[in-house]
Amino acid sequence: MESKTLERSRPEADEATVTSGPNATAAVPGRFGAYGGRYVPETLMAALHELDAAYAEAQQDPSFSKELADLLHHYAGRPTPLYFAARLTEMLGGARIYLKREDLLHTGAHKINNCLGQGLLARRMGKKRIIAETGAGQHGVATATVCALFGMECIIYMGEEDMRRQELNVFRMRLLGAEVRGVSSGSATLKDAINEAMRDWVTNVRTTHYLLGSVLGAHPYPTMVRDFHRVIGIEARRQILEAEGRLPSAVLACVGGGSNAIGAFFEFIPDKDVRLIGVEAGGRGQALGEHASRFQGGSPGVLQGTYSYVLQDDAGQISNTHSVSAGLDYASVGPEHAALHDSGRAEYVAASDADALNATLKIARTEGILPALESAHAIAEAIRIAPKMNRDDILLVNLSGRGDKDMGILTRELNLQGA
Ligand SMILES: *Cc1c(COP(=O)(O)O)cnc(C)c1O
């Protein structure tokens with residue numbers, strides 16, 4: 001019964017009524033329009049309130065932001081460059097393409113921004129035990145890294161199927177001192193690892209912080225994780241103004257849970273002339289189960305603590321998902337994206353596995369950059385639209401991570417002999 005509650009339930013009708021409507025965001029913390037909220041077992045409410053209060057207090061404390069800024073700079077490598085992709089631009093013959101180089105951060109992706117923030121917060125709350133979920137292992141590695149840095153106990157839940165697929169990341173986490181716990185229930189992938197992490201949290205809530213890896217889960221996670229990634233857009237907005245003296249025509253980012261995308265988008269939301277384009281995993285087809293495009297094939301529902309777009313069947317059962325990139329392979333999406341989608345402020349499109357693989361090859365060979373397969377989805381959309389745009393248009397693409405982790409998949413998927 002408990003696992004059922006954790007996995008999925010329909011929102012109470014009265015709650016949905018109270019919180020929908022134009023002023024809902026301002027009126028109800030943790031809501032983005034009708035989306036977001038806190039759909040968790042009673043036993044976790046105290047922990048969420050405690051986290052909420054600690055985060056609010058930390059935000060008021062200049063020493064917290066200073067320490068985080070120092071770590072982001074000296075440890076993680078911020079600010080990341082905004083790089084003009086001249087050869088790619090020339091090849092496509094349209095909009096000027098800039099890449100925000102989150103792939104150059106320590107541990108190879110944007111995830112370290114959030115892990116450092118939550119790690120500092122956990123320390124402030126006196127929690128010495130950290131748990132996290134991981135799919136491909138990237139969030140697990142970033143979490144294990146921060147736990148090593150802060151001298152904290154680290155337990156990572158990971159589906160056994162994912163452990164097989166991502167052996168190298170399992171080894172990385174163990175090397176960093178983390179305990180990796182395999183999860184064999186369900187499909188033995190990310191969704192099941194999250195259920196297991198939530199069960200652990202219920203049991204050990206006094207000593208333990210759950211370091212959630214994207215803008216998902218119950219309030220305050222979607223807001224807090226977004227805030228830790230806002231630095232991406234803050235830097236990028238300043239950098240593009242320095243480089244071009246004007247704002248981009250569009251900001252593009254891939255959307256798994258949606259943390260790198262919301263981090264890149266957020267500062268540009270008030271700039272109505274800047275299009276915000278989120279790129280989901282189109283996988284290998286449009287049938288349910290063949291992709292992870294929540295905004296193409298999904299509908300509103302609750303999964304793992306939050307109300308958002310969910311890929312589900314007619315009975316409300318969560319459907320399987322597929323993507324060549326594990327980081328985009330999840331049945332739900334951050335609730336703030338659901339609100340941005342419904343209001344029309346952001347657009348969401350899908351790039352297929354094949355598009356992402358082609359984009360990987362293209363950017364490797366024109367720019368000498370091996371992108372993460374997740375990031376390659378955003379690049380694929382840029383490659384698709386740039387030629388139709390004017391030469392004075394600007395596309396700002398968030399390159400969320402580097403591709404080293406994907407060499408195994410790329411070797412299997414691409415036949416490069418003599419290519
Ligand atoms: C995890 C990951 C993603 C997907 O997560 P978001 O929360 O959607 O950003 C995208 N890119 C890379 C490189 C990742 O590691």
Side-chain angles (χ1 to χ4, degrees), residues 80 99-115 117-118 132-143 145 158 162 166 169 172 189-190 193-194 211-217 221-222 224-233 251-266 277-281 292-295 304 306 308-309 321 323-338 340 346 348 350-351 356 359-360 363 369-381 397-406 409:
T80 57
L99 305 174
K100 179 63 173 161
R101 299 291 307 273
E102 294 294 292
D103 61 315
L104 295 178
L105 287 172
H106 182 42
T107 69
H110 66 291
K111 289 195 168 73
I112 194 81
N113 300 329
N114 171 46
C115 289
Q118 286 195 52
E133 82 294 341
T134 197
Q138 293 303 108
H139 176 57
V141 169
T143 302
T145 299
M158 189 170 187
D162 289 335
Q166 301 288 339
N169 273 340
R172 281 195 183 102
T189 59
L190 177 62
I194 296 176
L211 205 164
L212 210 146
S214 191
V215 283
L216 292 163
Y221 284 104
M224 180 176 71
V225 176
R226 176 201 69 203
D227 290 348
F228 289 139
H229 285 301
R230 275 181 65 179
V231 63
I232 303 171
V251 179
L252 294 91
C254 65
V255 184
S259 67
N260 87 88
I262 203 72
F265 290 173
F266 195 74
I277 305 175
V279 187
E280 297 184 289
S293 309
R294 289 70 41 107
F295 293 119
Q304 293 173 327
T306 193
S308 184
Y309 277 67
T321 51
S323 171
V324 70
S325 73
L328 305 185
D329 200 354
Y330 182 63
S332 185
V333 62
E336 192 163 12
H337 287 289
L340 288 170
Y348 295 85
T360 301
I363 195 122
I369 293 171
L370 297 175
L373 275 170
E374 290 82 4
S375 324
H377 285 71
I379 296 163
E381 179 63 10
V397 185
N398 195 35
L399 191 63
S400 54
R402 66 175 183 230
D404 306 49
K405 69 184 178 63
D406 294 323
I409 299 163

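This chain uses plain numbering: 1 for the first residue, then up along the sequence. Because only heavy atoms are used, hydrogens play no part in the values below, and waters and symmetry mates are left out as well, while side chains stay in. Remember, it's a predicted structure, so these values are computed and weren't measured experimentally. Just so you know, ligand 1 is whichever comes first in the structure, and atom 1 is the first atom listed for that ligand.
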Do S375 and ligand 1 have an N or O pair less than 3.5 Å apart? no

Return the set of residues passing side-chain hydrogen bond (donor to acceptor under 3.5 Å, both in side chains) with T143 (not counting sequence neighbours), or none when no residue passes. H139

For the residue pair L212 and Q118, what are the closest heavy atoms and their distance? O-NE2, 3.0 Å

Are the side chains of H337 and Y309 in contact, using a 4.5 Å heavy-atom criterion? no

Are side-chain heavy atoms of H377 and S325 found at a separation under 4.5 Å? yes

Going by the order shown, which atoms of ligand 1 are within less than 4.0 Å of some heavy atom of G401? 13 (C)

The protein heavy atom nearest to atom 11 (N) of ligand 1 is S400 OG, 2.7 Å

Considering only the protein, which heavy-atom contact is closest to atom 10 (C) of ligand 1, and what is its distance? E374 CB, 3.5 Å

With only distance considered, is K405 within less than 3.5 Å of ligand 1 through an N or O on each side? no

I'd like to know if the side chain of R101 reaches the main chain of T80, judged simply by a donor and an acceptor atom lying under 3.5 Å from each other, with no hydrogens or angles considered. no

Do any heavy atoms of H139 fall under 4.0 Å from ligand 1? no

Interfacing atoms of ligand 1 (cut-off 4.0 Å, heavy-atom, N260): 6 (P), 8 (O), 9 (O), 10 (C)

Between E280 (side chain only) and F295 (backbone N and O only), is there a donor and an acceptor less than 3.5 Å apart? yes

Backbone or side-chain N or O of G256 under 3.5 Å from ligand 1 N or O: yes

Among all residues two or more places apart in sequence or in another chain, which pass the side-chain hydrogen bond (donor to acceptor under 3.5 Å, both in side chains) test with T107? none

Subset of ligand 1 atoms that lie under 4.0 Å from at least one heavy atom of G327: 4 (C)

Which heavy atom of V225 sits nearest a heavy atom of S259, and at what distance? CG1-CB, 4.1 Å

Below a 4.0 angstrom heavy-atom separation, can you tell me which part of K111, side chain or backbone, both or neither, approaches ligand 1? side chain

Please report whether ligand 1 has a polar contact with G257, defined as an N or O pair separated by less than 3.5 Å (distance criterion only). yes

Please confirm whether H110 comes within less than 3.5 Å of ligand 1 when only nitrogen or oxygen atoms on both sides are compared. yes

Would C254 count as a contact of ligand 1 if the rule is a heavy atom under 4.0 Å away? yes

Determine the sole option in I363, L99, D103 for which the side-chain contact (heavy atoms from CB on, under 4.5 Å) test with P371 is passed. I363

Once you restrict to heavy atoms under 4.0 Å, what part of A372 touches ligand 1? Side chain, backbone, both or neither. side chain

